[in-house]
2 protein chains.
Amino acid sequence: MAGRLSSDDLADALRLNGLRVTPQRLVIHRVLGEIGGHATADQVLERVEALLPNVSLPTVYATLALFERLGAVHRVSAPGDRAVYDTRTDPHHHVYCRVCGGVVDLDAPVDLSPAVDAANESGFGAEWVEVTLTGVCRSCAGADAN
Amino acid sequence: MAGRLSSDDLADALRLNGLRVTPQRLVIHRVLGEIGGHATADQVLERVEALLPNVSLPTVYATLALFERLGAVHRVSAPGDRAVYDTRTDPHHHVYCRVCGGVVDLDAPVDLSPAVDAANESGFGAEWVEVTLTGVCRSCAGADAN
DNA sequence: CTTTTTGCAAATGATTTGCATTAAC
DNA sequence: GTTAATGCAAATCATTTGCAAAAAG
C-alpha cells in the first residue's frame with residue numbers, strides 16, 4: 001500500500017511532480033528513516049537541526065505534509081492533541097494510552113479486507129487501513145489506581 | 001466494551017465516583033444521545049445552549065473528558081486537528097477523508113481479537129478497538145483530479 | 001532568469017487554566 | 001457549611017500563513 005522510498009526514489013518522486021529537491025527535504029527524509037518509528041514535528045526538527053542548521057518548524061510541517069502526499073509517511077490514527085507521524089510505511093497497528101498519550105506499534109495478523117471492501121463499495125478510495133487500540137499502558141496502570 | 005448509559009445510570013456512575021450530578025452534565029449527556037454520531041466540542045455546545053443557556057465551552061470540554069473516562073463517549077481515532085467525539089458506544093469503524101477531513105462511520109464485520117490479544121499479552125489494558133481507513137471520499141475524488 | 005522553497009515573525013484556532021462565584025450535597 | 005463545578009477571561013500550544021530573501025532548475 002506504500003513502500004519505503006530510498007533517497008534517490010524520493011528525489012525522483014519530487015522531480016516527477018515538478019517539485020524541487022532541496023537539502024531540507026533530503027535531510028528530513030533521512031531523519032525519518034533513522035527514526036523508524038513515531039515522531040512529532042518537533043522531534044523531527046530536533047534531529048534535523050543536528051545535520052542542517054536553521055531549519056524552521058514551518059518547513060518541517062510543510063515537508064511532512066508533502067511526504068504524506070507522496071506516501072513516505074503517515075499521520076497515526078490516534079486520538080491526541082499533536083500530530084504523530086509514522087515512518088513505518090508497511091501495514092501495522094497502534095496502541096494508544098489514554099493516560100500518557102503514548103503511541104506504540106502493534107504487529108498482529110488481522111484481516112481487514114471486509115472493512116476495505118465495504119469502504120470501497122461505498123465509493124471511498126481507501127489508501128491506508130490500521131487498527132487502533134485505546135486503553136492504558138502497563139506503566140500507567142502501575143502508577144495509577146485506575 | 002462499553003454500553004450506552006441511561007441518564008439514571010450516568011447519575012449513579014457520577015455519584016459512585018464522588019462526582020456531582022449537575023444539569024450541565026445531564027444535558028450534555030442527553031445531547032450526545034440525540035446526536036448519536038460524531039461531534040466536536042463546539043457542535044455539542046451549540047445543541048446544549050438551546051436547552052440550557054450560558055453553558056461554557058470549557059465546561060463542555062471538561063464534561064466530554066469526564067464522560068470519556070466513564071466510557072460514555074470516545075475520541076475518534078483519526079488524524080485531524082480537532083477532537084471528534086463519538087457518541088456511538090457500540091463497536092464500529094471509521095473512514096477518514098484526508099482531503100476534507102470528514103469522518104464517517106463504517107460498519108463491517110472484522111475480527112480484531114488477534115490485535116486485542118496481542119496487546120493484552122504485552123501488558124496493555126485494551127478498552128476500545130477500532131479500524132480507521134484513510135483515503136479520499138467520493139465527493140473529494142470527484143472535485144479533485146487526484 | 002523564473003518559480004518554488006525557505007526562514008522568520010506574526011496570526012490562528014482549538015483546548016486549557018486561573019480564579020471568583022455558584023450550586024451540589 | 002464544605003467542597004466540587006461552573007463561567008468567564010486570559011493563557012497556552014500546536015499548526016498555519018504572509019512575505020521578503022535565498023536557492024533550485
Side-chain angles (χ1 to χ4, degrees), chain A residues 7-8 10-29 31 38-46 48-49 51-70 73 75-76 78-85 98-99 101 103, chain B residues 7-8 10-29 31 38-46 48-49 51-70 72-73 75-76 78-85 98-101 103:
Chain A
S7 285
D8 284 346
L10 174 71
D12 288 344
L14 288 172
R15 275 188 276 261
L16 215 61
N17 290 63
L19 299 166
R20 294 181 178 174
V21 180
T22 67
Q24 288 87 340
R25 287 175 177 167
L26 291 173
V27 169
I28 291 172
H29 179 257
V31 160
H38 314 113
T40 61
D42 318 274
Q43 292 170 333
V44 171
L45 179 60
E46 200 175 327
V48 165
E49 284 190 312
L51 302 172
L52 191 68
N54 294 321
V55 174
S56 68
L57 204 44
T59 297
V60 173
Y61 276 106
T63 305
L64 288 173
L66 175 65
F67 286 179
E68 194 187 9
R69 265 176 270 133
L70 297 177
V73 291
R75 294 246 286 311
V76 175
D81 0 342
R82 60 190 61 186
V84 176
Y85 284 87
R98 65 169 166 79
V99 177
V103 173
Chain B
S7 285
D8 284 346
L10 174 70
D12 288 344
L14 288 171
R15 273 187 277 260
L16 215 60
N17 290 63
L19 299 165
R20 293 178 180 177
V21 179
T22 67
Q24 288 88 339
R25 288 175 176 168
L26 292 173
V27 169
I28 291 173
H29 179 257
V31 161
H38 314 115
T40 61
D42 319 272
Q43 292 170 334
V44 171
L45 179 61
E46 200 175 325
V48 165
E49 284 190 311
L51 301 172
L52 191 68
N54 294 322
V55 174
S56 68
L57 204 43
T59 297
V60 173
Y61 276 104
T63 305
L64 288 173
L66 175 65
F67 286 179
E68 194 187 10
R69 264 176 270 133
L70 297 178
V73 290
R75 295 247 286 309
V76 174
D81 4 339
R82 60 191 61 186
V84 175
Y85 284 88
R98 65 170 166 78
V99 177
C100 65
V103 173

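Each chain gets a letter, A, B and so on, in the order its sequence line appears, and its residues count up from 1.
Among the nucleotides dT15(D), dC8(C), dC25(C), the one closest to the side chain of R15(B) is dC25(C).
Separating the CG atom of D12(B) from the P atom of dC25(C) is a distance of 12 Å, rounded to the nearest angstrom. One atom, CG of L66(A), and another, P of dT6(C), lie 9 Å apart when rounded to the nearest Å.
Comparing A62(A) and A62(B), the nucleotide of DNA chain C nearest to each residue sits closer to the 5' end for A62(A). Nearest-nucleotide positions on DNA chain D place T59(B) closer to the 5' end than the other of T59(B) and T40(A).
H38(B) places none of its side-chain heavy atoms less than 4.5 Å from the side chain of Y85(B).
The nearest pair of heavy atoms linking V31(B) to L51(B) is CG2-CD1, 3.8 Å. The two residues V55(A) and L45(A) make their nearest non-hydrogen contact at O-CD1, 3.3 Å.
Taking the screw axis at each terminus of the helix from dC1(C)-dG25(D) to dC25(C)-dG1(D) from five consecutive base pairs, the angle between the two is 40° to within rounding of 10 degrees.
Looking at R25(B), its side chain does come within 3.5 Å of a backbone N or O of R20(B) through a donor-acceptor pair. A donor-acceptor pair under 3.5 Å is formed between the side chain of Q43(B) and the backbone N or O of T40(B).
Contact check, Y61(A) against dT16(D): no side-chain N or O comes under 4.0 Å of OP1 or OP2.
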Steps toward side chain to side chain contact (heavy atoms under 4.5 Å, CB included) verdict (L70(A), L14(A)): CA-CA 9 Å; L70(A) 297 177; L14(A) 288 172; 3.9 Å; yes
N/O to N/O distances under 3.5 Å, protein versus nucleotides 17-22 of chain C:
none

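Sorted by residue number, the members of residues 17-29 of chain B with any non-hydrogen atom under 4.0 Å from DNA chain D read L19(B), R20(B), T22(B), Q24(B), R25(B).
At a threshold of 4.0 angstrom between heavy atoms, the contacts of A83(A) are confined to the sugar-phosphate backbone, with no base atom among them.
Of the candidates L19(B), N17(B), D12(B), R15(B) forms a side chain to side chain contact (heavy atoms under 4.5 Å, CB included) with just one, namely D12(B).
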